[in-house]
Number of protein chains: 2
Amino acid sequence: MRAVIMRGAGNPVVTEVPDPQIEAPTDATIRIDAACVCGSDLWPYRGLEDAENLRMGHEYVGHVVEVGAEVSTLTVGDYVVGSFVISCGECEICRAGYQSRCRHASFVHGGIGTQAEYARIPFADGTLVALPGKPDDAYIPSLLAASDVLGTGWFAADAAGAAAGKTIAVVGDGAVGLMGVLGAREMGAERIIISSRHPQRQALAREFGATDVIEERGDDAAERIRELTDGLGAHGTVEAVGTQESMMQAIASTRPGGKVGYVGVSHGVEIPGIDLFFSLLHLHGGPAPVRRYLPDLIERILSDQITPGRVFDRELSLDEAPEAYRAMDQREAVKVLLRP
Amino acid sequence: MRAVIMRGAGNPVVTEVPDPQIEAPTDATIRIDAACVCGSDLWPYRGLEDAENLRMGHEYVGHVVEVGAEVSTLTVGDYVVGSFVISCGECEICRAGYQSRCRHASFVHGGIGTQAEYARIPFADGTLVALPGKPDDAYIPSLLAASDVLGTGWFAADAAGAAAGKTIAVVGDGAVGLMGVLGAREMGAERIIISSRHPQRQALAREFGATDVIEERGDDAAERIRELTDGLGAHGTVEAVGTQESMMQAIASTRPGGKVGYVGVSHGVEIPGIDLFFSLLHLHGGPAPVRRYLPDLIERILSDQITPGRVFDRELSLDEAPEAYRAMDQREAVKVLLRP
């Protein structure tokens, strides 16, 4: 089959690899119907993470081709959405709702290889959710988004305490930040303030529920948010970038006792303990336990309550994956859908 | 009146200062019945914080001497306990339960000067809680503890998610760590593991509810805690020291998705973002909003449910304050009560 392999920074190639096989009785193999490029795929692409011979891709929808002997919730032909992190669903960590740190399944650098025609999904029962049937094509982008960016933005909005009457700030206008806006709106936030200077992303943010778009960054953004909130700062802030500046912007934008939900992979970030101490904030984040939210997200999508798939602004074939990486790296595209 | 002033590192002196007066209509002045030396008073004592001419002390019980014209919940003669941080009680931050970052009252370096015969308490209605009457002398140490160390340890246990069935680790065997043990026990924690090598503190920890005392520190302590918890780590950890090692020990001791409640004033601590990210932890702490917990704590003390005053192992007169600092600095005393 064909699959995307990162052969060093800046060099994703589409190449032939062996078809995946069932290796453990808890595995399933799936035919990928749609995959995509994630903002986090750009870290190795940009040489900021190891990029040697990485099988890429961790977002996916598709149907089940084969199941191992112990898989009990899925049958061949089921249409499935899965979390970007493998989880057994049964350990104490999974049962507590932190499936992205499942004790039996490790986080795979680069991903589980879903920028491909087929994929092997370990712990299929704990990772995949079967849909009621094959969804209409119009739902594919939104279901695909649920696999990571929607679930990740949703987790961040939840960790930021989004709820009725709350003001939520969002740092980052990439796909995850935009999904944080959508999550905050669905959770009832009264006011949602996003930092963005990009007209297309500003428009998407408003469509997803942003009430205020500001162009400031860093301390200036925090200052502007305090001006907009009677001097206090937001009740909660979604951090969806992963740099020192974005993390400090999130902390500075939030009122004392408020909440920061951070999902940008923190590259080189050092949080000064004394600043965090006096901020009295709640800080929660990390790799999102998307699997916790997935059944609810699927229901909202299939009932037309949310259309997160609007975040995809380009669709390419799997063979065009290198162009997808280039367009996202250059910020020409917010998020690119790939059809194997 | 007499008061303790820190005249440079290592040099607390008891000296005459003017009696406090009502300065604002929301002030009260109180006669201090008991005060004490806090672990945080040792930072300037040790020269790790500015220590020039600081009025010291922020823990206190006593009775009201005079009230300003706008004070409505207190009258002259009321016996009161107050939080170590001034709070108006009415702003949005106070009403949300984060009184230690009240927008109208600032954190006073060194404290509000309660190692003295009298003190002026700004925003008296929002800061002080009146008792039903003058308490029996036996309750004074416990009520005094409520003013900071008990309330602070309680907040940390709460932030660490202490509850029925939970395993809580405690880093730090000082008064606050010991109060974290007590708080975790009162919140129903099933297992409470504290790091301590000091026989007297180990005994106190067991008295307050510790089920396991370990002697390891740092990564070894975290490893030991994982051994004790089926490889997972504690559900939550109280950090009550404030150093890089103690913060990293707390993070490493806690299972993925767990909670760290930190109240050690973070001196020079830098939290590596990438480690925190993959830990998937909840991190919450800072100057404890003791005022939120104070009415409940007072009730538990006066109903003999808890005896936090056991944390005081020495009592001296105000004039002997320098000896109190010395004994705590040398870890000869856990906590010293001062009688003006």
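Nothing here was measured: the structure is a model prediction, and the numbers come from that model. So that the names make sense, note that chain A is the first sequence line, chain B the second, and so on, each numbered from 1.
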Between Arg95(A) and Glu92(A), is the closest basic N to carboxylate O distance under 4.0 Å? no
Can you name the closest pair of heavy atoms from Gly165(B) and His235(B) and give their distance? O-CE1, 3.9 Å
Could you tell me whether Glu59(B) and Lys335(B) have a side-chain N and a carboxylate O separated by less than 4.0 Å? yes
Hey, which residues of residues 250-268 of chain A are touching chain B, say heavy atoms under 4.5 Å apart? Arg255(A), Pro256(A), Gly257(A), Tyr262(A), Val263(A), Gly264(A), Val265(A), Ser266(A)
So, the part of Gln244(B) with a heavy atom under 4.5 Å from chain A: the answer is neither
Asp212(A) side chain near Arg191(A) side chain, heavy-atom distance below 4.5 Å: yes
Applying a strict 4.5 Å limit to non-hydrogen atoms, the region of Asp230(B) in contact with chain A is both
Under 4.5 Å to a heavy atom of chain A? For Ile93(B) that would be side chain
Kindly indicate whether the side chain of His58(A), heavy atoms from C-beta on, has any atom under 4.5 Å from the side chain of Cys38(A). yes
Is the His282(B) ring parallel, tilted or perpendicular to the Tyr98(A) ring (thresholds 30°, 60°)? perpendicular
Kindly indicate whether the side chain of Leu280(A), heavy atoms from C-beta on, has any atom under 4.5 Å from the side chain of Ser100(B). yes
